[in-house]
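In what follows, a single structure is set out as structure tokens and then discussed.
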Amino acid sequence: MAATGDAEETQLQEMEEEARMENEMDSDEEEGLGIENSDDEIDDSSEDEKENEAEIQRLEEQLSINAFDYNCHVDLIKLLRQEGELPRLRKARQKMSELFPLTEEIWLDWLKDEIHLTEEEAIREKVYELFEMAVKDYICPEIWLEYAQYSIGGMGLPGGMEKVRSIFERALTAVGLHMTKGATVWEAYREFENAILATVQPPPGSVPTREQQELLNAQLERIHTLFRRQLSIPLMDMDGTYAEYEEWSDQGVSDTVSQKYKGALKQMEKSKPYEETLMIAEPPKLAEYQTYIDYEQKEGDPARIQIIFERALSENCLVPDMWAKYTKYLDRQLKIKDLVLSSHDRAVRNCPWTMGLWKNYLLALERHGADHHTISDVFEKALNAGFIQATDYVNIWEAYLDYLRRRVDFSKGESTLTLESSRELEELRAAFTRSLDYMKQDVEERFSESGDPSCTIMQVWAKIEALHCKNMQKARELWDSIMTKGNAKFANMWLEYYNLERSYGDALHCRKALHRAVQCTSDYPEHVCEVLLTFERVEGSLEDWDAAVQKTETRLNRVNEQRSKVTAKEAHVARQEEEKTEQRRRAKADKKNQKKGQKGSRPGDKRKAEDKDYEDEWGEESEQPPKRHRGESDQAFRGGGGGAEEFMGTESGLFGRRAPPGRRQEPPGGKRGQQVAPATVWKTQEDDPELRKDDCSVFISNLAFTMDDPEKRLKKLFEPCGPVQSVRPVYAAKGFRGYCYVQFEGKASVLEALKMDRREVEGRPMFVSPCVDKNKNPDFKVFKYNTNLEKHKIFISGLPFSCTKEQLEELCKDNGTVKDIRLVTNRSGKPKGLAYVEFGDEAQASQAVLKLDGTVLQEHTLSVAISNPPRRNTADKPGFSRPVGAMMPRSMVYGSRGKGRTQLSLLPRSLHRQTGSESKAENGTAPKPTGGESGDAGNEAQAKPLSNSDFAKMLFKK
């Protein structure tokens, strides 16, 4: 046994010596590199040092102003490490670690710097303390490996072997379930035990003693146990571990181990897709981690749920929602004190600006029996955390005051309170007083508001005094203060006070409170008056009743007078607005009539102007009547024999607008100038408005003008929706106008017909909408898609025009369940390169945005975002005033040569009328317009029309 102990001690010394030599070699290499670099750059070193020192001083000064500047801490640590000033560097790191959890990189740099300086046992203990701080911040396999490796260097010290194994066991508990990195910790532990095994094996050819054999068997069992434990946990590449165990074990793998391995392998295959998704995802991977967490929570293994939460937080440590979900899970499920409290502490250190995390921390401390001093310290830290809203301070004060109230034992009443309870009650009252002062001074000064307009803190205090302390005098003082802070005009505040008096006070103070409420309330005075009358009906005498009736009547009469004045004022303002609107409408109509008169003053343009006016009125194209050729009689031109003239029947009111007088439209297929018999003149079906039913009809638009026999075609198309009573296509002189009305026999058919909206008909999407009389409902507009933010839907732009729904679904299905895809097209059915894709939930849509944004499809770069469609154009809404340019007549938009800018003008330049804006000024004064010039549209004086002699003079003028 002694020989075995000496051999083991020798082996440990050799391992410790190797570790020490590696550290010295690393140190020598770094020193050598430092000397070489300093020799090469000796000229610039002094200037760089001065610049770095100035920057260090600036950062330290900035941190003295704002100690919570995270980036400033990081920059300072980098500069101090670069300068090699270890004392200042150690101090900067300690300050940062007190305020924030440090990242893996910062901890590893700090640990390596301290390890290079450790030679004495006392210093090693300080490094151990540093490692303990590091492993508490985040779950990090690399730090645990570094910790175990460092502890191996101290195996020669008393208890060194047990300390190494203890650290390895803690590492396995912390990160052994890490799917991708946990295997490295298991392998390091096995290598360590294998090294110990080599020290206890007897020399070849020798016979081990009984003690040596027992020691050997114990070490072999340790390694067997490690293999069995690792193979029962789902880890990546665990098949290699199984093969290694088969090769290492002389007795083979038992059936029990094989069964556990197969179960773990099956579990690993289920989790593998989530791990692969995390590997290819880009930071912050929130959606991927959330999906993984949801899966693990369904599986229900607490250890695995904890490790995936820790992994998510190590990469998203500044996301308050993730911390809130993790701490909530720990509070409700695990309920392990050390784990819960440490997690809450890490949460508020990472996100100190989030009030909800501090509030939950206070509740967790109270729930697990923390002492009063600890809870008070956490509350004071919360007040200094720098919340972003005034209401956050109200909420954190409420949480702390609730805790203080629960400390006081009110079960026996205030008069019989113990000395300790009396002291706690005084502390509660002092905290209430301090909270009010804090809200008035600190919060109002910072946010310009108290954050507690309803005085909820004072209301709670008053209720505690009335209920627990039976101190109504203090409660009434508090309510007087509440009412003086602008709450006396609200009925609900008075009723709250009345209920308090009703429960814990007396009838006299209830009556006073209601009388004051009737006098002061401005939002719901009727309700307060009703409460007063009800109270007097139950509690009061006849004199009290008469006084209450008189007071309520007087108050209500005054309120009604005030309301009448306000109503009259509003009506006057509305009347003025209507008069202004009417004046604008009249001015607009006068201007339009004035322009019409100006156009009609030109011979030969009268008919054209009338046609254009009617065309603008209808909002559609209209054909000019055919020219009359010589030899054609008026009768032939009218298209009939001696019979009465017939006009094409047009839809009026709901279904169309009546044709202008003196105009006539030809049936489809007719030619200009061609005689048409009266019997062949086309009419719309069912011209009688009484036979039309809006609620049984739908409006069809965006149809092809070239559709053959639209009535027959549409009737056949809509017959599956229900019995069709009539189909009314709308025609113009050129033919079918592309829209019609379909009337069914029942209302139920309309709902089925609306489902056919945007069905493709002859290569164009057919629009189906309800049939609404816009003369009665001018604001009606059909737009079936949402115009608000849709978090479960994404918007894709930049798509190739050839992209189909199938291709888009194939592209998006990897990110979640695709519920619907809509390719945006124009009215002709051609794609615009845009699409909306709806997913099963918000998380899937967010994941799709992160994955697909910037991807390339058929040489087109896609832009992907959460769907947030723009609002509909306000120009369609009533009361919208169009810009001046939109009100210009169509003729003013074109050039001087009419609509076609490339057409030749057949009018001599000398006859062109020049507007006032085109005339040039001479000697700084513009000439006055003459009779040959047309003034602005707004001028009252109209230009005198030119006669034929005037035209001749101008034409032959030299």
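Below, all heavy atoms of this structure are taken into account, side chains as well, without hydrogens, waters or symmetry copies.
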Aromatic ring pairing Y739/Y741, orientation class (parallel under 30°, perpendicular over 60°, tilted between): perpendicular
Partners passing ring pair (Phe, Tyr, Trp, His ring centres under 6.0 Å) against F705 (at least two apart in sequence or in another chain): none
Exercise: identify the closest heavy-atom pair between D695 and V750: O-CG2, 3.5 Å
From CA spacing to verdict: side-chain contact (heavy atoms from CB on, under 4.5 Å), R713, V761: CA-CA 10 Å; R713 176 72 184 277; V761 177; 4.0 Å; yes
Distance-only side-chain donor-acceptor flag, D590 / Q594, under 3.5 Å: no
Under 3.5 Å: donor-acceptor pair, side chain of W323, backbone of C351: no
Test side-chain contact (heavy atoms from CB on, under 4.5 Å) applied to Y836 and V824, step by step: CA-CA 8 Å; Y836 291 90; V824 183; 3.8 Å; yes
Min side-chain heavy-atom separation D841-F839 under 4.5 Å: no
Worked check of salt bridge (charged side-chain N to carboxylate O under 4.0 Å, His left out) between K285 and E315: CA-CA 8 Å; K285 308 179 184 179; E315 297 189 38; 3.8 Å; yes
Check: S749 side chain, C721 main-chain N or O, donor-acceptor pair, under 3.5 Å: yes
Side-chain heavy atoms of S271 within contact of E299, under 4.5 Å: no
Student check: side-chain heavy atoms of K272 and M179 closer than 4.5 Å: no
Any residue meeting ring pair (Phe, Tyr, Trp, His ring centres under 6.0 Å) with F744, in chain and number order, not counting sequence neighbours: none
Heavy-atom pair of closest approach, residues P320 and W353: CG-NE1, 4.1 Å
Backbone of T804 reached by a side-chain donor or acceptor of Q807 within 3.5 Å: yes
All salt bridge (Lys or Arg N to Asp or Glu O under 4.0 Å) counterparts of E582, not counting sequence neighbours: R585, R586
N350 (side chain) donor-acceptor with L318 (main chain) under 3.5 angstrom: no
CG (N593) with more than 12 external heavy atoms under 6.0 Å: yes
Nearest-0.5 Å distance, CZ of residue R304 to CZ of residue F309: 14.0 Å
Heavy-atom closest contact (V727 atom, P729 atom, distance): O-CD, 3.2 Å
Validation row: V319, L286 side chains within 4.5 angstrom (heavy atoms): yes
K715 side, atom NZ; L717 side, atom CG - distance, nearest 0.5 Å: 13.5 Å
Non-hydrogen side-chain atoms of K588 and K591 separated by less than 4.5 Å: no
Partners passing side-chain hydrogen bond (donor to acceptor under 3.5 Å, both in side chains) against N815 (at least two apart in sequence or in another chain): none
For Q844, all residues meeting side-chain hydrogen bond (donor to acceptor under 3.5 Å, both in side chains), sequence neighbours excluded: none
R728 and Q743, any side-chain heavy atoms less than 4.5 Å apart: yes
Residues that E276 engages under salt bridge (Lys or Arg N to Asp or Glu O under 4.0 Å), provided they are two or more places apart: none
Where at least one partner belongs to residues 277-298, residue pairs that pass ring pair (Phe, Tyr, Trp, His ring centres under 6.0 Å), sequence neighbours excluded: Y274-Y292, Y274-Y295
Could you tabulate the donor-acceptor pairs under 3.5 Å formed by side-chain atoms of residues 845-853, not counting sequence neighbours?
residue: S846; atom: OG; partner: E842; partner atom: O; Å: 3.0
residue: D853; atom: OD1; partner: V864; partner atom: N; Å: 3.1

Closest contact, heavy atoms only, C803 versus L799: SG-CD2, 4.2 Å
Test log, rule side-chain contact (heavy atoms from CB on, under 4.5 Å), inputs S867 and I794: CA-CA 5 Å; S867 174; I794 64 173; 6.0 Å; no
Ring-face cation contact, Y731 with R737, 6.0 Å cut, 45° max: no
side-chain hydrogen bond (donor to acceptor under 3.5 Å, both in side chains) partners of Q297, counting only residues at least two apart: none
pair L808-V818: side-chain heavy atoms closer than 4.5 Å: no
Euclidean distance, L811 CG relative to I796 CD1, rounded to 0.5 Å: 6.5 Å
Closest heavy-atom pair and its distance - L823, A835: CD2-CB, 3.7 Å
L862 side, atom CG; T855 side, atom OG1 - distance, nearest 0.5 Å: 4.0 Å
Separation between CD of E745 and SG of C696, rounded to the nearest 0.5 Å: 9.5 Å
Validation row: M766, L703 side chains within 4.5 angstrom (heavy atoms): yes
For T825 against P831, the heavy-atom pair lying closest together: CG2-CA, 4.0 Å
N316 side chain vs P284 backbone, donor-acceptor pair below 3.5 Å: yes
Full working for side-chain contact (heavy atoms from CB on, under 4.5 Å) between K181 and M236: CA-CA 8 Å; K181 298 181 180 180; M236 300 295 285; over 6 Å; no
Salt bridge (Lys or Arg N to Asp or Glu O under 4.0 Å) partners for D814, two or more places apart: none
E282, CD atom: more than 12 neighbouring heavy atoms under 6.0 Å: no
Electrostatic pair R822:E838 at N-O distance under 4.0 angstrom: no
Interatomic distance, I866 atom CD1 to K791 atom NZ [nearest 0.5 angstrom]: 9.0 Å
For K813, all residues meeting side-chain hydrogen bond (donor to acceptor under 3.5 Å, both in side chains), sequence neighbours excluded: E810
Residues in salt bridge (Lys or Arg N to Asp or Glu O under 4.0 Å) contact with E275, at least two apart in sequence or another chain: R311
